[in-house]
Amino acid sequence: MSGASPVLRVAVAAPVPEPFDYLPPSAPGAPLPGPGQRVLVPFGRGRRVGLIVALAEVASVPPERLKPVIEVLDERPLLAEADLAFLCWAADYYQHALGEALFSALPARLRRSAPCSGSAAAPGERGWRLTEAGTAVVLDDIKRAPRQAQVLTHLRALGGEAPAADLARDLGECAAVLRALARRGWVAPCRIEAGTPPPMLGAGPTLNADQQAAVDQVGGAFGSFAPFLLEGVTASGKTEVYIRLLEAAIAAGRQALVLVPEIGLTPQLERRFAARLGGTMAVLHSGLAEGERERVWRRAAAGEVDLLLGTRSAVFVPLPRLGLILVDEEHDLSLKQQEGFRYSGRDLAVRRAQQAACPVVLGSATPSLESLANAHAGRYRWLRLHRRASGAAAPSVTLIDIRAQPLEAGLSPPLMQLAAEQLAAGNQVLLFLNRRGFAPVLTCHDCGWVGECPRCDARLTLHRASGELRCHHCGLIRPAPGRCPSCGRPDLRPLGQGTERVEEILARRFPGLPLARVDRDSTRRKGELTRLLSAARRGEYRLLLGTQMLTKGHHFPGVTLVGVLDADAGLYGADYRAPERMAQLLVQVTGRAGRAERPGRVVVQTRHPEHPLLVSLLREGYPAFAEAALAERRAAGLPPFSHQALLRAEAGAADEALAFLRAAAAAGAPDAGEVVLWGPAPAPMERRAGRWRAQLLVQAPRRAALRRFLADWLPRVRQVEGAGRVRWSIDVDPQEMA
Ligand code: ADP
Ligand code: ZN
Ligand code: ZN
C-alpha cells in the first residue's frame, strides 16, 4: 500500500455522531494536512467546515465513495494535540456529536469558512489616566465636587488608569466629570492596550492564617494535578487568595484560567485582577462581539495571554502554558451549559487540570454537594476560610413567621418596621423576592377564571406597568383583559406578588425615598443593570429590591438589613436539588449585608419556621445543612452517591415523546445491568411553547457503568422508530429535571 495517501477523519459541524472520512486535497503537491486543522468538505448536497481529528490508513467506507476535501482552511493546526484530545474527551463524556461539540467550543467565526482575521493587533481602547497632579490631589480639598472626588478615588483604586467604558460601567455616566477633571489637569485621555497591566500595582493586605495556609497548599502543588475545594463564607478573602495564586503562577511563567458563572454581574473581579496583577489579562464571555472573541481565543492559544478570565466556554480555550485553574462560585448553575452541547464548565475544569498536570481550585461560600462529597472522600483537598477577612461580624439571621400576619404585598409588619428603622438611621435596605412582574396569577373573583398560557402548563404573570399578561416560560404576551374573558364581569384580581407590586407598596410606604428595582424587566436596556448596581453601591439608592440578579457577588457596603420575602418556594420543590439551591441562595443573599463596619441583619419570612432545612441552615450554617443534605442523598442513593443521565424528548403531539422514550427504554433494557431506567414520565412542565415534553432518567451506582451503558445504548436510540419525529437530547449529570 506504499504511496497510498492516508484518509482524513473529519468531524463536521453538523449533528452527526461520528466523524467522516475524506481524501486529502486533490491538487498535486499540496501538503498533507493533519489533526487540528480545519477543512472545507463536500457534505450532502452542500459543503461544511470540518476539523481533522485523526489520520487513518484505512477508510471506514469503500474507497470509491471517498471524496477529497475541497480546501484546507488553516495553514497550521488550530488546536494542538492535547487540546483536541481534551475536546474529544468532553464530547465523549457528555455523549455529544463530536463535530457539534468541537465547533460549539470554538469561537463562532471559526465555524465558517470565511478567511480568519488572524491576530490583528488591538487598536487599543479609549481610556483615562491620572496625571501626576491628579495623583497628588488631597481628596478632602475637593469635597464640594463629590463626583470628581469619586472618579479620582476610583482611578486610584484601579491603579491609575482605566478604559472609559469601564469607568462608565462602574460609576455611571461620567464623561462630563472626566472633562472637568481634565480641564484641571488631573486626568488625561489615553489609549489602553487590552491587557496592559496598570502602572501602579497594589500590594494587598497581609494574609491571615487561613488564607496563607490555602496559598501555601495550592502553591506547593504547582506543576502537578491537584484539585482543591476552597470553602469560605462571603468576604472571607477568597478573592485575595486567588490573587496571590495568580501572581505566583504568572511569575512562574505559566498561564492561568479563571472561570466565573457570569461576567456581566461581576465587573469588580475583573478590575481587581487588573489592578493587582502584572502580565496580560484577557476576558472572554458571550457579550463580546464575534471578532473580539476570536481575537482573544487566538491570543490565548498563542500564549500571549497570562490570565484568561471567562465564563464556562473559556474552559475550552487552548492555553499552551497552562499552570493554574480557578473556578469561582463553583456551585453556580450558570457554569453548566443547559442546551445544545450540555457540559459542566466546573467538571471539565477538573479534567483539564488533570490533563495539564496543574492544580485546580473550586471556590465557594456554598459548595455544591458534589464537591463536598469529593472533599469528604479525599479526592479534593479541602481548604477552609473560617472568618470574614475584614473582621466584619457575620450578620445575624432571624426567621419571621408570617402565618396569620397581615401582609401587604408580601411584607409583614415586623419587616416593614425593621426596614423603616434602618432607613431612618441613614442605612440601606435590600429586599429579595425571586419573582418578577406584578402578580403571578390573575383571577376572576366572580367565576374563578384563571389566566393560563395556552401553549404551556403555566399561569400567566400580570405585568401591570406594561398592561400585559406574560408567560415566563415561552415568552407569550397578551394585553391584560379589562373584564373576565369567561364571564365578562369586571372583578379581576391579581393574586400573590412579584417585584413590581412590592415596589408599588414600598413607594407608597416610603415616599420620595430613592428605590432601585433590579430584575430582568427593569434592566432590559443595555447598561442599565451596571448603572443600577454601581449607583446602589455608591449609596444613591437607599432601598434595593430585586431578584437573583441582586445576589451574585455584589458588594453593597451600606446595606445593614436584608429581607427575604419568601423563603418557602424552595422548601417543597419537585426537584430533589431544590433545597440545596434554596440554601445556597439564602446564604448568598445573606452575604450582601454588613460587609463594612456596620453590622448586618438578615430576616427571612416563612410559613414554615419549623422546617428542618431552614432550622439547620439558620442555626448551624451552610456546612451543617450540607452534611444533613448529603446524608439524605446517600440514604436515597441520589447523586453524588450515584450517577445520572436524562434523556429528554419533546414532540408536537401528546403521546409522541412518551412513546419514543418507551421504545428507547425498551432498546436499553436487555443489558441495563446495574443501570436503572426510571420512567419515562411527563416532564414537570409537560407542555411548553406548544410542545409536549417527557423524560427518561438513567441512573447507575458507578460512573463507569453509566458511561458504558450510554455508549452502547445511544446508537440504538438513534435507530428507534420515531426518533426522527421527536426532538431529543441526552444530558449527562443533569442539574435540573425541568
Ligand atoms: P471573598 O472573595 O471571599 O468574598 P474578598 O477577597 O473579596 O472575599 O475579601 C473581602 C474583603 O476583605 C475585601 O475588601 C478584601 O480587600 C478584604 N480582605 C481580604 N483579605 C484580607 C486580609 N487578610 N486582611 C484584611 N482585609 C482583607
Ligand atoms: Zn369570570
Ligand atoms: Zn407559555
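Scope of the values below: all heavy atoms of this structure, side chains included, with no hydrogens, waters or symmetry mates. For ligands, and for the atoms within them, numbers begin at 1 and follow the listed sequence.
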Passing option when [X] is tested against [options] for side-chain contact (heavy atoms from CB on, under 4.5 Å):
X: Ser364; options: His331, Lys238, Glu231; value: His331
X: Asp457; options: Glu686, Glu452, Arg688, Arg693; value: Glu686
X: Arg436; options: Val518, Thr461, Thr499; value: Thr499

Requested in this report: Would you check the N or O atoms of Gly237, main chain and side chain alike, for any that come under 3.5 Å of an N or O of ligand 1?
Outcome: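 Indeed, backbone or side chain, Gly237 has an N or O that close.
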Could you check whether any side-chain N or O of [X] sits under 3.5 Å from a backbone N or O of [Y], counting only pairs where one atom can act as donor and the other as acceptor?
X: Glu580; Y: Ala629; answer: no
X: Tyr541; Y: Gln428; answer: no
X: Asp731; Y: Leu646; answer: no
X: Lys336; Y: Arg312; answer: no

Below a 4.0 angstrom heavy-atom separation, can you tell me which part of [X], side chain or backbone, both or neither, approaches ligand 1?
X: Thr239; answer: both
X: Thr206; answer: backbone
X: Ser236; answer: both
X: Arg272; answer: side chain

Which atoms of ligand 1 sit under 4.0 Å from any heavy atom of [X]?
X: Asn208; value: 23 (N)
X: Gln211; value: 19 (C), 20 (N), 22 (C), 23 (N)
X: Lys238; value: 1 (P), 2 (O), 3 (O), 6 (O), 8 (O)
X: Leu207; value: 23 (N)

**Report entry** Heavy-atom gap Ala235 to ligand 1 smaller than 4.0 Å
**Finding:** yes
Query raised in the report: Are any N, O or S atoms from His473 nearer to the Zn ion (ligand 3) than 2.8 Å?
Result: no
Query raised in the report: Measuring to the Zn ion (ligand 3), does His472 have an N/O/S atom at a distance below 2.8 Å?
Result: no
Query raised in the report: Can you give me the SG-the Zn ion (ligand 3)-SG angle for Cys456 and Cys453, to 10°?
Result: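 My answer is 110°, to the nearest 10°.
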Query raised in the report: With a 4.0 Å cut-off, would you call Glu240 and Arg272 a salt bridge?
Result: yes
Query - Ion pair Asp566/Arg435, N-O distance below 4.0 Å - result: yes
Report task. Evaluate the side-chain proximity of Pro481 to Leu469: yes if any heavy-atom separation is below 4.5 Å, no if none is. Result ->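 They are in side-chain contact.
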Query - Angle at the Zn ion (ligand 2) (to 10°), with one arm to SG of Cys484 and the other to SG of Cys444 - result: 110°
Report task. Could you tell me whether any N, O or S atom belonging to Cys447 is less than 2.8 Å from the Zn ion (ligand 2)? Result -> yes
